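Below is one structure, written out as structure tokens; the observations come after it.
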Amino acid sequence: MQKNFIQQLHPLTKFFFALFVSASVLIIPGFIFSFLVFPMLLLIAVAAGVAKEFFGTVMKALLFLLIIVFFMQLFFYPGDHLIGQWGIFKWTEEGLNYGLTLTSRILAMGSVFILFFCLTEVRDFVKSLEDAGLPPMGAYVVLSTLQIIPEMRRQANTIMDAQKTRGVETEGSMLTRARAFIPTLTPLILSSISSTEERAITLESRAFSAPTKKTSLHKLTKSTADRILPFIYLIILLGMVLWRILT
Amino acid sequence: MEDTYMNSIIEMKNVSYRYPVSDDWIIKNASFTIEKGKFTAIIGNNGSGKTTLCNIIRGFIPHFYKGVLEGDVIVDDKKIIEYQLGQLGEKIGYVFQNPFIQVSGVKDTVFEEVAYGLENLGVEENEIIDRVNEILQLVKIEHLREKHPMGLSGGQRQRVALASIIVMNPDILVIDEPTSQLDPIGTEHVFDIIRLMKEKGKTIILVEHKMDLIAEYADNLIVLNEGEIVLQGPTREVFADPRYGDCNIQYPHVTEVALKLQKNGVNLKYVPIRNEELPESISWASVGESVYD
């Protein structure tokens, strides 16, 4: 896939952007600005060519949460200015305001981090952290987890098949399938633990703990934009804080 | 003999080993010397302790696996206990048996997978690329270079595992059944690579069950039986030793045939271990008299 300008930015630049947006929605009061963040992020996503993926993930991950949070605040936030009532539920102006503020912030912060992961490959991000001083052990843990998950899924299917040949019922009603889950889980966990040992030996035979500084074929470059953008974020943030203090 | 002793690179003196929480000694009082630049094959039946012996040579015992290790293991004039595990990675390459776990799990292509060991050793980037390209060519897995290591077949993984180790250019190679998942052509090929490594002056320790190939390539043999070294020495002498027959381990096919012939009265000038030796090893004068008896 050809990478465009936004995707080519250094992972840390994108990460700082996510932090910047999160901080700014906390600084600016009210919900109007925070709600405006999402359409802006959507525009960025469109420009970067990940709009579909971004929008889909936000809907799946956040929509339900937002609805729940909004109604919880609306009904249960203490306040005096009653706007409406339905049975035992009553809602107040304070509740409405707070609900909107909270949801707008969750939406802004949640979607900016979702956008970050849409734009950044995890291995690039981990590499940038490693460049910034994360020990290789930590980087390994993060990266291997990503690869191990599909591997474990494959393993789980194999175990499931093996149990099927031994007569464990794995198909049918919800209850049957739930019951079949337990005899699958134990071997899966045990085999994962035992493969950890072998994995450790594999790494050792590749000189993982060699007492030298590692090199890497995977290189990240910093463009001019990557050097300037973090400062721009910082200046805008400072401006916002000043504006809050002065007004 | 004194000369070769001077060149010993691995030496074991009365080594015994017991895994944690086990009462049985897996290796019993093993002593041997492996000479520098020689190709030594460790053979024995399943469960005779071959892999454990490899782990001892590589230092995973006692550095990784606990348990009780008695006796001295000396690699390059230094006791194995005095090494740090990380230091041994550069010195001894270990390709182990199960090809399915021998992937780092953090790399997305075979090329990067093979390069991983060099990255860990801190080799400069351009050199890594050159060396990996060279090894991919040598092991004939160039066509796999952009494939995902987790998506390979057993035989392909076995070759990738071998490549990942020899690219690090260790002085000693410990290879545990590298051909268990390979077809005959792939097997020949792996042995070709091993021979090439030997020509480069590497010391090779190989665990293998394919006796015909061992007879062709190995200089020395160590025969293990239930944790004890029952025979050791030059390949030809070990196969010719009558005690070898008692161990219940397979002979090279041609040796088996020759010994059967001998039993039936055919005199042998010597015990053949390679196919092409069979005709000349038989004392044809004796055949005429005995064959119709």
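A, B, ... follow the sequence lines: proteins, then strands. Residue 1 opens every chain. This structure is a prediction, so every number in the text was calculated from the model and none was measured.
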Might you point out which heavy atoms bring B:Val106 and A:Leu143 nearest each other, and give the distance in Å? CG1-CB, 3.6 Å
Select, from A:Glu197, A:Lys219, A:Lys213, A:Arg154, the one with the greatest count of heavy-atom pairs under 4.5 Å involving chain B. A:Glu197
How long is the gap from CG on B:Asp108 to NE2 on A:His218, to the nearest 0.5 Å? 9.0 Å
Atom group of B:Leu118 that falls short of 4.5 Å from chain A, counting heavy atoms: backbone
Which answer fits B:His148, side chain, backbone, both or neither, if we ask what part of it has an atom under 4.5 Å from a heavy atom of chain A? side chain
Between A:Ser205 and B:Met168 the two heavy atoms that sit nearest each other are O-CE, 3.7 Å
dist A:Ile201:CD1 -> B:Phe64:CZ (nearest 0.5 Å) comes out at 4.5 Å
If you tally heavy-atom pairs under 4.5 Å against chain A, which of B:Asn55, B:Ile128, B:Leu85 wins? B:Leu85
Check: B:Leu121 and A:Lys214 side chains under 4.5 Å, non-hydrogen atoms: no
Nearest-0.5 Å distance that lies between atom OG in B:Ser104 and atom CZ in A:Phe208: 10.0 Å
Answer with side chain, backbone, both or neither: which region of B:Glu127 has an atom nearer than 4.5 Å to a non-hydrogen atom of chain A? neither
Nearest 0.5 angstrom please: A:Glu198 CD to B:Phe96 CZ, how far? 7.5 Å
If every non-hydrogen atom of B:Glu125 is compared with every non-hydrogen atom of A:Thr215, which pair is closest and at what distance? OE2-CB, 3.8 Å
Max heavy-atom pair count under 4.5 Å with chain A, selected residue of B:Lys107, B:Gln87, B:Glu124: B:Lys107
Using 0.5 Å steps for rounding, measure from the OG1 atom of A:Thr212 to the CD atom of B:Glu90. 7.0 Å
Would a distance-only check, ignoring hydrogens and angles, find a side-chain to backbone donor-acceptor pair under 3.5 Å from B:Tyr94 to A:Glu204? no
Surrounding OH of A:Tyr140 (heavy atoms of other residues, nucleotides or ligands, distance under 6.0 Å), is the total greater than 12? yes
Least distance between heavy atoms, A:Leu217 atom then B:Glu119 atom: N-OE2, 2.8 Å
Is it the side chain or the backbone of A:Glu151 that comes within 4.5 Å of chain B heavy atoms, both, or neither? side chain
Output the option from A:Ser216, A:Pro150, A:Pro211 having the highest count of non-hydrogen pairs under 4.5 Å with chain B. A:Ser216
